[in-house]
Amino acid sequence: MNESRLSSLYQGIAETVVAAIPEEWSKVYLYGEIADGVRKAFFFYYPKDIDAPVYVHDIPELFQVDEEEHDTYWYRLLDHVQELWQEFLQDGKAWTNFTMFFDHTGTFNIDYGYEDLSDADDHERAILWEHTYLGLAPTDETDRRFLEEHLNRAKPDHQ
């Protein structure tokens with residue numbers, strides 16, 4: 001795998017995300033997914049000196065950002081995610097999803113997932129991802145119950 005190409009792709013993803021954020025920020029968590037007929041990407045960022053994350057698709061409403069301008073960044077991000085996947089595909093190591101973290105100091109981490117997502121529920125995966133990476137709990141009662149049941153199933157038996 002071409003490390004220089006990967007570095008360029010990671011840089012393109014980060015630059016696109018940063019360009020879409022309309023305020024000073026401290027850190028970003030991004031989820032990307034490529035599956036049969038699916039291209040998905042979303043991110044949360046933490047505004048500087050604030051502990052509550054902002055969801056990418058809330059930006060237009062929160063900051064009166066033009067929807068078309070916002071969509072331009074989002075489609076560019078999806079294109080970068082697709083390019084990253086294709087780079088891995090060429091080496092026969094195609095992932096199904098990834099989580100990227102970076103902060104304003106330049107710290108960077110990326111975790112790749114290779115599980116089969118064909119039967120997975122998108123909404124439930126998002127709940128689990130938000131809990132795992134952001135520590136968020138759903139406000140909706142059904143979603144909260146799903147998360148609690150999942151966490152209880154994940155606990156080891158202590159007999």
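Numbers here are sequence positions counted from 1. Just so you know, these numbers use all the heavy atoms, side chains as well, and skip hydrogens, waters and symmetry mates.
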Legend entry - Any side-chain heavy-atom pair of Trp74 and Thr16 under 4.5 Å: no

Inset, instruction - Examine distances only and state if a side-chain atom of Thr96 and a backbone atom of Asp116 form a donor-acceptor pair shorter than 3.5 Å. - result: no

Legend entry - pair Ile59-Tyr45: side-chain heavy atoms closer than 4.5 Å: yes

Inset, instruction - Look at the side chain of Asp91 and the backbone N and O of Lys93, then say whether any donor-acceptor pair between them is shorter than 3.5 Å. - result: no

Legend entry - Side-chain touch Val56/Ile21, heavy atoms, less than 4.5 angstrom: no

Legend entry - Contact summary for Glu67 and Pro60, nearest pair of heavy atoms: OE2-CB, 3.5 Å

Legend entry - Leu134 with Leu62, same ILVMFWY side-chain cluster at under 4.5 Å: yes

Inset, instruction - Would you check if the side chain of Ser8 reaches a backbone N or O of Ser4 as a donor-acceptor pair within less than 3.5 Å? - result: no

Legend entry - Any Phe98 side-chain heavy atom under 4.5 Å of Phe88 side chain: no

Legend entry - Heavy-atom closest contact (Ala52 atom, Pro47 atom, distance): O-CD, 3.4 Å

Inset, instruction - Is it possible for you to say whether Tyr75 and Met100 belong to one hydrophobic cluster, with membership spreading through side-chain heavy-atom contacts below 4.5 Å? - result: no

Legend entry - Contact check, side chains of Leu128 and Leu147, non-hydrogen atoms, under 4.5 Å: yes

Inset, instruction - Please determine if Asp122 and Arg125 form a salt bridge, counting it only when a charged side-chain N lies under 4.0 Å from a carboxylate O. - result: yes

Legend entry - Nearest non-hydrogen partners of Gln64 and Glu61, listed with the distance: NE2-O, 3.2 Å

Legend entry - Plane angle bin for Phe108 and Tyr10 - parallel if under 30°, tilted between 30 and 60°, otherwise perpendicular: tilted

Legend entry - Heavy-atom pair of closest approach, residues Leu78 and Ala41: CD2-N, 3.5 Å

Legend entry - CA sep, side-chain torsions, deciding dist, call: Phe43, Trp25, ring-ring contact (aromatic ring centres under 6.0 Å, His included): CA-CA 13 Å; Phe43 65 86; Trp25 57 276; 9.6 Å; no

Inset, instruction - Indicate yes or no: at least one non-hydrogen side-chain atom of Trp85 is less than 4.5 angstrom from one of Arg39. - result: no

Inset, instruction - Look at the rings of Tyr29 and Tyr46 and say which category their plane angle falls in: under 30° parallel, 30 to 60° tilted, over 60° perpendicular. - result: perpendicular

Inset, instruction - Verify the cluster assignment for Val65 and Tyr55: are they in a single hydrophobic cluster under the rule of side-chain heavy atoms below 4.5 Å apart? - result: yes

Legend entry - salt_bridge(Glu15, Arg76) N-O dist < 4.0 Å: no

Legend entry - Closest non-hydrogen atom pair between Tyr114 and Ala94, with its separation: CD2-O, 3.4 Å

Inset, instruction - Check whether Tyr73 and Phe102 end up in the same hydrophobic cluster, where Ile, Leu, Val, Met, Phe, Trp and Tyr are linked by side-chain heavy atoms less than 4.5 Å apart. - result: no

Legend entry - Any Tyr133 side-chain heavy atom under 4.5 Å of Asp111 side chain: yes

Inset, instruction - Decide whether Val81 and Leu6 are clustered together by the hydrophobic rule: side chain heavy atoms of Ile, Leu, Val, Met, Phe, Trp, Tyr closer than 4.5 Å, transitively. - result: yes

Legend entry - More than 12 heavy atoms from other groups under 6.0 Å of CD on Glu68: no

Legend entry - Pairwise side-chain contact, Val17 with Leu77, heavy-atom cut-off 4.5 Å (strictly under): yes

Legend entry - Cationic N near anionic O, under 4.0 Å, Arg145 to Glu148: no

Inset, instruction - Anything under 30° is parallel, anything over 60° is perpendicular, the rest tilted; go ahead and classify Phe42 against Phe44. - result: perpendicular

